[in-house]
Number of protein chains: 2
Amino acid sequence: MEEMNIGQAAAAGGVSAKMIRHYEAIGLLSPARRTPAGYRVYRHHDVHNLRFIRQARRLGFSIEQIRQLLGLWQNQRRTSRKVKELAMQHIEALDERIRELQKIRQALAHLARHCQGDERPDCPILDGLAKGDV
Amino acid sequence: MEEMNIGQAAAAGGVSAKMIRHYEAIGLLSPARRTPAGYRVYRHHDVHNLRFIRQARRLGFSIEQIRQLLGLWQNQRRTSRKVKELAMQHIEALDERIRELQKIRQALAHLARHCQGDERPDCPILDGLAKGDV
DNA sequence: CTTGACCTTCCCATCATGGGAAGGTCTAGA
DNA sequence: TCTAGACCTTCCCATGATGGGAAGGTCAAG
């Protein structure tokens, strides 16, 4: 299976055919070669790219970050410094997001802790939302 | 200031005028009364609602969840059990999301830890993305 | 009466992804 | 050789919450 249609490439790369077309449309992938009938043709090399993208998406990198990572990956004269920089930035962003969510979780748990959760209507959670100070 | 235009209500409620119109359009808020000229008119009561929504959004509740919370808030025959249930569900979701992000963060930090971050091109981060197993 | 700050509706964009329609292509089997 | 059905193509629309901005109407102060 040296040459593939988009469906096979999608299955092999772990992404949907829909997304492959999208990645091509936004210039993340270079336009695929076409058969005379207009079908996109992919090779093993392309599947490699797709897997890279999938893995980067799984790690939460944005498309723009992946664009940079792909550029570095394909650039033999890259420095690992640059790559690590991108990764560290992303870790920072993840930490930030985790802290935010934990803060929210704390606030909500605090309200819930004081709520009886019984048949009566009195509810510190609703009161807390209604106060809306902060 | 017993009657307000949307701008004042927005400022008082801590949300944008744009969002007030949106909340009305999706039925989260009941349609505002209008002046003969078509301007929306708000009162203190409405600002109270806006604050509630803002606070719930800050705590990460979705619009649909807020729809339910508002319903409970305005229902004198609610049970705090129901409210607490919603809150606990949301806490669960937050925990889930936090765990996900921490897992991602771990994986990325693991790759970065082995990356020299120097002038050479060799980079375990790129290698890790390229493997794309998992 | 004019100016400028407000308001109205409507459309478009974000980000990554999927759904689905309308229509063309390919392949295996009768 | 014909046909069914599994592919492929492009194009448009939707998500969720939010903002930007255009075109045009309203209002209050000077």
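Convention: sequence-line order gives letters A, B, ...; per-chain numbering from 1.
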Taken in chain and number order and not counting sequence neighbours, the residues that satisfy side-chain hydrogen bond (donor to acceptor under 3.5 Å, both in side chains) with Q106(B) are none
Taking five pairs at each terminus, the helix from dC1(C)-dG30(D) to dA30(C)-dT1(D) shows an axis bend, to 10°, of 30°
Applied to residues 76-112 of chain A, the ring-ring contact (aromatic ring centres under 6.0 Å, His included) test, sequence neighbours excluded, yields F61(A)-H90(A), H110(A)-H114(A)
- [ ] Using a heavy-atom cut-off of under 4.0 Å over every strand shown, decide if F61(A) touches base, sugar-phosphate, or nothing.
- [x] nothing
Residues passing the salt bridge (charged side-chain N to carboxylate O under 4.0 Å, His left out) test with E92(B), sequence neighbours excluded, are none
Contacts of H22(B) meeting ring pair (Phe, Tyr, Trp, His ring centres under 6.0 Å) (sequence neighbours excluded), chain-then-number -> none
Applying side chain to side chain contact (heavy atoms under 4.5 Å, CB included) to Q89(A) and not counting sequence neighbours gives L86(A)
Sorted by chain and number, sequence neighbours left out, side chain to side chain contact (heavy atoms under 4.5 Å, CB included) with L111(B) holds for L59(A), I125(B)
I26(B) atom CD1 is separated from dT18(D) atom C1', nearest whole Å, by 11 Å
Atom CG of L28(B) and atom P of dG16(D) are separated, to the nearest Å, by 13 Å
side-chain hydrogen bond (donor to acceptor under 3.5 Å, both in side chains) pairs touching residues 12-21 of chain B, sequence neighbours excluded, are none
Under a 4.0 Å heavy-atom cutoff, the residues of residues 62-71 of chain A touching DNA chain C are S62(A), I63(A)
Item to complete: With heavy atoms under 4.0 Å as the rule, sort T35(B) into base, sugar-phosphate or nothing.
Response: nothing
Taken to the nearest whole Å, CE/M19(A) to C1'/dC15(C) is 10 Å
Sorted by chain and residue number, the side chain to side chain contact (heavy atoms under 4.5 Å, CB included) partners of A32(A) (sequence neighbours excluded) come out as E24(A), R40(A), Y42(A)
By side-chain hydrogen bond (donor to acceptor under 3.5 Å, both in side chains), Q116(A) pairs with (sequence neighbours left out) none
Given protein heavy atoms under 4.0 Å, the one-letter contact record of nucleotides 3-10 of chain D, with B base, S sugar-phosphate only and - none, is simply ----BSBB
Ion pair present between R120(B) and D118(B), side-chain N to carboxylate O less than 4.0 angstrom? yes
